[in-house]
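A short worksheet on the structure shown next.
Letters go in sequence order (proteins before strands), and every chain restarts at 1. All values reported here derive from a predicted model rather than from experimental measurement.
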Number of protein chains: 2
Amino acid sequence: MSGLRAKNKADKEARIREAAWALFAEQGYEAATVREIAQRAGVAQGTVFVYAKDKADLLAMLFADRLSAVVESAFATLPAGVSLLDALVHVFSSFMRFYAQDTRLARSVVRGVLFLEGPAAERMERLNRPFLGRVAGLFVAAQAQGLARAELVPFVAALNAFAAYFMALASWLNGLLPDLAAAEAQLRLALEHQLLGVLLPSSSPIELPTQQGAAP
Amino acid sequence: MSGLRAKNKADKEARIREAAWALFAEQGYEAATVREIAQRAGVAQGTVFVYAKDKADLLAMLFADRLSAVVESAFATLPAGVSLLDALVHVFSSFMRFYAQDTRLARSVVRGVLFLEGPAAERMERLNRPFLGRVAGLFVAAQAQGLARAELVPFVAALNAFAAYFMALASWLNGLLPDLAAAEAQLRLALEHQLLGVLLPSSSPIELPTQQGAAP
DNA sequence: GTTCAATGTTGAGCGTGTTCATTTTTGAGC
DNA sequence: GCTCAAAAATGAACACGCTCAACATTGAAC
């Protein structure tokens, strides 16, 4: 068997990942160059592209591991006997606190992760789908306990919750919200609205009046 | 006054915009080069960067106009006497149908628009804030008619609706949904859930059981 | 018509991410 | 220990977005 071969490959990959992580953290994603990463890892430029399809894939690889760890941790530390709202806030806040470690890099990650191509997209989808499944599980549990409407589709509710989380995250990372606390506050408010709903039980869904004023 | 000066400037800007639009449509955003755009517009490469901060800004400029037109059209064509759900679907579907004209370019636009820098970000925010205000106006109207909960914060509800729209849009443009119809269907389902809410009126928000199974 | 400061334009040049023909390394078969 | 195809690594070369010192154009003042 090819022990040396595999070991060298693993070593090089590890060195490249470490170098990339260090330089991304030090200089940010855009400022860090592949040449510098390669030099720090002790390999040639071209070698980097043997292990990652492109620079964006390098960043995605680095965060895929860490993000899946955050998912595990978030559900592992979910307090028992907590309300559905608090459970959702707990899970999504875990991500926000993770991204708070380096908001500059977080911006690049979230930006890159949303529109990936090819294998990287599939890798992310393999992380995302089970995650959304587990969030949906929270709604299923609430249904089982008679707390949530029976007609509700858990996966749709999970997607809505994720959408609200993503919006708060993006607003924060774009500087529209001042800090982590503000982002968490917006997240909670948005989720609260989703749980309580908009319409009154009456529900005679007719008549919506005209709009005033146009934009500049 | 400097009539010729202004006219030349306006002409050049128009030519650059036309050239950029044509080439982005023909080849896609990434494949189209600034050199080619400049050549088609009859100017030097450097001149392009006088009118747009960078290539991404060029794309953003092109779509800022068109998007604000879509906003106007969406609210102008809002049928009277329609349900809140149908009103929301109408507004957000307008955007989806607009993006459906060129989904490849739409991907680049949505991707670029989400994380803009500097003046481009402000320009987008000046488009987005009033838009969200008008969506919030739909909820205010529903409240005024006694259809929506009085405690609801209209802007939060609007942001939730936008988040659901964005999620459906991103899923579609990433190929997770097959076509425009599927995206519109997901949008409607998600909004329906937001309007009806999750929790039962009972609301004794306690007890949420354990999760099973970890991810690979 | 000439002057000249302000404004607008230019394209060679820089540093970047990425490719790929070439070179080096590896280990099973003998 | 040698052979040699397969695998891995290399770095020169390429095309790109973008900058900026140099150059061209404009029009108010005289």
Please determine, for the side chain of [X], which listed nucleotide ([options]) has the closest atom?
X        : options                   : value
Tyr51(A) : dT10(D), dT10(C), dA8(D)  : dA8(D)
Ala44(B) : dA12(D), dG11(C), dT10(D) : dG11(C)
Phe49(B) : dG17(D), dT10(D), dG11(D) : dG17(D)
Lys55(B) : dA9(D), dC18(D), dT9(C)   : dC18(D)
Arg35(B) : dA9(D), dA13(D), dC16(D)  : dC16(D)

Upstream residue (5' side of DNA chain C) when Thr33(A) and Lys53(A) are each assigned their closest nucleotide: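 So the residue in question is Thr33(A).
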Pick the nucleotide of DNA chain C nearest each of Ala32(A) and Val43(B); which residue has the one closer to the 5' end?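 Whichever sits nearer the 5' end wins; that is Val43(B).
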cation_pi(Lys55(A), Tyr29(A)) dist<6.0 Å, angle<=45: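 Relative to the ring axis of Tyr29(A), which defines the angle, Lys55(A) lies inside both limits.
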Just checking, Arg111(A) and Phe115(B): is the charged tip under 6.0 Å from the six-membered ring centre and within 45° of the axis?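 Here Arg111(A) fails the 6.0 Å and 45° test against Phe115(B).
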What pair of heavy atoms forms the shortest contact from Leu58(B) to Ile16(B), and how long is it?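 What the structure gives for the nearest pair is CD1-CG2, 4.2 Å.
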Rounded to whole Å, please give me the gap between [atom1] in [X] and [atom2] in [N].
X        : N       : atom1 : atom2 : value
Glu30(A) : dG17(D) : CD    : P     : 17 Å
Glu36(A) : dT16(C) : CD    : C1'   : 12 Å
Asp54(B) : dG17(D) : CG    : C1'   : 9 Å
Gln39(B) : dG11(C) : CD    : C1'   : 13 Å
Ile37(A) : dT18(C) : CD1   : C1'   : 14 Å
Leu23(A) : dG17(C) : CG    : C1'   : 16 Å
Asp11(A) : dA8(D)  : CG    : P     : 14 Å
Arg15(B) : dG8(C)  : CZ    : C1'   : 13 Å

When you measure from the side-chain N and O atoms of Thr47(B) to the phosphate of dT9(C), is any distance below 4.0 Å, counting only OP1 and OP2?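 Checking Thr47(B) against dT9(C): no side-chain N or O falls below 4.0 Å of OP1 or OP2.
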For a quick test of reading the model: is some side-chain N or O of Lys12(B) closer than 4.0 Å to OP1 or OP2 of dT9(C)?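 Answer yes for this pair, as a side-chain N or O of Lys12(B) is under 4.0 Å from OP1 or OP2.
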Between Phe98(B) and Phe95(B), does the ring centroid distance fall short of 6.0 Å?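 When the ring centroids of Phe98(B) and Phe95(B) are compared, they turn out to be at least 6.0 Å apart.
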Is any NZ, NE, NH1 or NH2 atom of the basic residue among Glu122(A) and Arg129(A) found under 4.0 Å from an Asp or Glu carboxylate oxygen of the other?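 Salt bridge flag = no for Arg129(A) with Glu122(A).
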